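Take a look at the structure set out below.
Each chain gets a letter, A, B and so on, in the order the sequences are listed, and its residues count up from 1. Keep in mind that this is a model prediction, so the values were computed, not measured.
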Amino acid sequence: MPELPEVETVRRDLEARVLGRTIVGCCVSPDAPRLVQLVPVAEFCRELSGRRIAGLRRRGKYLIVDLDDGRAWVIHRRMSGNVLYRPRGAPPDDYTRAVFTLDDAHELRWTDLRKFGTMWLVEDATMVMESLGPEPLDAAFTPDVLRQRAGGRSAPIKSVLLDQTVLAGMGNLYTDEALHDAGIHPLRRANTLKRADYARLHDGIVRALRTGIAARGSSLGTTLRDHINVDGAPGENQHAVQAYGREGQPCYRCGGVMRRLKVGGRSSVFCPTCQRPPRRTHPAPGRRTTPTRAPAARRRAATAVARRT
DNA sequence: AGAGTAGCCTGTAAGC
DNA sequence: TGCTTACAGGCTACTC
């Protein structure tokens, strides 16, 4: 599933291939009625045709194609969207929903099995991504910034990291990786993490994302529904993954068995030894629950979920 | 306001 | 074997 590293990999590949090229044709399949946002497909295609590609940027999981008239073609891959750069006349690709013909005898093919992907043609790219949090790979993203943005939240840290208004670009895979790297349990409430926790988490986030980019993204599961790069080849980061999808397998750090639970409806894999669960449910024998602790019912519910799997 | 969740979508895999 | 159900997940819209 495309997250920051997968979008960045495609951005870099496209920059090397289509920068300066002109879009000479546009065809959107009628079976992808939600693909083009804000304007009718006919208008979108008409306005895009004839435009030269002046730049390629990324913001969070958004890919931004800057056009020569100052407008921006913004693409969000969501779950299964891929951008392929193919010679005109190359064999068809499964689940192709749109084709953008270029002036170099190639075309950009938008493939998207689940049809969740969206694109916009706008005057200013920021209008579709106003609420995004900071870029995790910018120098301005520091442990203090992370703590300031996340530290006031009572939701599980896993859910907070997935909130794009807190931090832009993290998805389920890299969140699991970062939390494992930092030794933080996904159910820990964000407002219970200490300064040192946020320092480790910051490092874990940056490391996980950089590792992903260096490996050209993660391609798990079957090729059809997964991230592939502009030439159709998968990434390699799935071989480097420490946590995501490794339920039942040994933790690379301690050898213990990796476990899985649901956090905010998302599957989360973690090491119960390296990532200590939140405060225990049951007070030690003879001890009383102090009023400053979370209500017993809530703590019990949290641990029950953690034990279920 | 913040937290939690249904729905969008389709292919795969597990269960009966 | 064939059918049904659960699951995967980014994001929006909705409820509580």
Side-chain angles (χ1 to χ4, degrees), chain A residues 1-8 10 29-38 58-63 74-83 93-98 110-120 127-133 136 149-177 186-192 209 212 217-228 238 241 243-248 260-269 278 294-295 297-299 301-302 304-305 308-309:
Chain A
M1 58 310 302
E3 305 178 30
L4 188 154
E6 288 73 29
V7 179
E8 177 62 20
V10 164
S29 167
D31 79 341
R34 295 166 198 277
L35 175 60
V36 175
Q37 303 282 304
L38 300 179
R58 180 194 55 73
R59 177 81 172 91
K61 301 174 193 172
Y62 292 83
L63 177 66
V74 179
I75 300 171
H76 198 303
R77 301 171 59 188
R78 313 257 179 200
M79 293 299 304
S80 58
N82 282 305
V83 180
D93 289 287
D94 287 342
Y95 311 110
T96 298
R97 315 291 186 193
W110 169 256
T111 67
D112 189 3
L113 185 152
R114 289 188 182 79
K115 298 193 262 194
F116 284 179
T118 43
M119 47 183 75
W120 300 259
M127 67 175 283
V128 296
M129 50 193 87
E130 277 171 344
S131 56
L132 282 187
R149 299 189 69 87
R153 304 275 297 264
S154 62
I157 185 64
K158 161 97 182 191
S159 302
V160 174
L161 291 179
L162 287 173
D163 184 340
Q164 303 298 298
T165 68
V166 171
L167 187 60
M170 298 289 285
N172 208 32
L173 187 151
Y174 293 97
T175 302
D176 276 6
E177 294 302 292
L187 278 178
R188 283 282 301 279
R189 292 182 182 272
N191 59 6
T192 67
L209 294 174
S218 305
S219 303
L220 293 120
T222 68
T223 311
L224 281 183
R225 60 175 173 183
D226 234 346
H227 156 76
I228 49 177
Q238 60 276 18
V241 159
Y244 181 84
R246 298 197 61 249
E247 180 192 15
R260 183 166 72 105
L261 53 76
K262 287 263 186 193
V263 182
R266 295 285 168 255
S267 180
S268 305
V269 178
R298 201 211 297 160
R299 283 185 280 113
V305 172
R308 205 164 294 150
T309 40

Inset, instruction - From the options dG10(C), dG4(B), dA8(C), select the nucleotide whose nearest atom is closest to the side chain of Arg266(A). - result: dG10(C)
Legend entry - Closest listed nucleotide, where the reference is the side chain of Arg78(A) and the choices are dA3(B), dC11(C), dG11(B): dC11(C)
Legend entry - Length of the NE2-P vector between His227(A) and dG9(C), whole Å: 16 Å
Inset, instruction - State which of dG11(B), dG2(B), dG9(C) makes the closest approach to the side chain of Ser154(A). - result: dG2(B)
Legend entry - side-chain N/O Lys262(A) vs dC7(C) OP1/OP2, d < 4.0 Å: no
Inset, instruction - Provide, to the nearest angstrom, the distance between the CG atom belonging to Asp163(A) and the P atom belonging to dG9(C). - result: 18 Å
Inset, instruction - Might you point out which heavy atoms bring Lys61(A) and Pro2(A) nearest each other, and give the distance in Å? - result: CD-O, 4.0 Å
Legend entry - Whole angstrom value for the distance that separates C1' of dC7(C) from CG of Leu261(A): 16 Å
Inset, instruction - To the nearest Å, give me how far apart CD (Glu3(A)) and P (dG9(C)) are. - result: 9 Å
Inset, instruction - Could you tell me whether the side chains of Thr118(A) and Arg34(A) share a donor-acceptor contact shorter than 3.5 Å? - result: no
Inset, instruction - Please round to the nearest 0.5 Å and tell me the distance separating atom CG of Leu113(A) and atom CE of Met79(A). - result: 10.0 Å
Inset, instruction - Could you tell me whether Pro33(A) contacts a base, only the sugar-phosphate backbone, or nothing, with contacts defined as non-hydrogen atoms closer than 4.0 Å? - result: nothing
Inset, instruction - For dG10(C), take OP1 and OP2 only and decide whether either is under 4.0 Å from a side-chain N or O of Gln164(A). - result: no
Inset, instruction - Respond yes when some side-chain nitrogen or oxygen of Arg153(A) is under 4.0 Å from OP1 or OP2 of dA3(B), and no when none is. - result: yes
Inset, instruction - Determine the contact category for Gly265(A): base if any of its heavy atoms lies under 4.0 Å from a base atom, sugar-phosphate if only primed atoms, P, OP1 or OP2 are that close, otherwise nothing. - result: nothing
Inset, instruction - For Ser159(A), report the nucleic acid contact type (base, sugar-phosphate, nothing); a contact means any heavy atom under 4.0 Å. - result: nothing
Legend entry - Phosphate-side-chain proximity, His76(A) and dG10(C), N/O vs OP1/OP2 below 4.0 Å: no
Inset, instruction - Could you check how far CG of Asp176(A) sits from C1' of dG10(C), rounded to whole Å? - result: 15 Å
Legend entry - Between dC11(C) (P) and Arg114(A) (CZ): distance, integer Å: 14 Å
Legend entry - Sidechain-backbone polar pair: Gln164(A) side chain, Met170(A) backbone, donor-acceptor under 3.5 Å: yes
Inset, instruction - Please work out if Thr118(A) contacts a base, only the sugar-phosphate, or nothing of the nucleic acid, heavy-atom cut-off 4.0 Å. - result: nothing
Inset, instruction - Indicate whether OP1 or OP2 belonging to dC9(B) is found under 4.0 Å from a side-chain N or O atom of Arg34(A). - result: yes
Inset, instruction - Ignoring backbone atoms, test whether Arg260(A) places a side-chain nitrogen or oxygen under 4.0 Å from the OP1 or OP2 oxygen of dA8(C). - result: yes
Legend entry - Side-chain N,O (Tyr62(A)) to OP1/OP2 (dG10(C)) below 4.0 Å: no
Legend entry - Heavy-atom closest pair, residues Ala98(A) and Leu35(A): CB-CD2, 3.9 Å
Legend entry - pi-stack flag for Phe116(A) and dC11(C), centroid dist under 5.5 Å, interplanar under 30°: no
Inset, instruction - Write down the distance between CG (Leu162(A)) and P (dT5(B)), rounded to a whole number of angstrom. - result: 14 Å
Inset, instruction - Figure out the CH2/C1' separation between Trp110(A) and dC9(B), and round it to whole Å. - result: 14 Å
Legend entry - Distance below 4.0 Å between Lys115(A) side-chain N/O and dG11(B) OP1 or OP2: no
Inset, instruction - Decide whether Tyr174(A) and Glu6(A) meet the rule of one side-chain donor and one side-chain acceptor closer than 3.5 Å. - result: yes
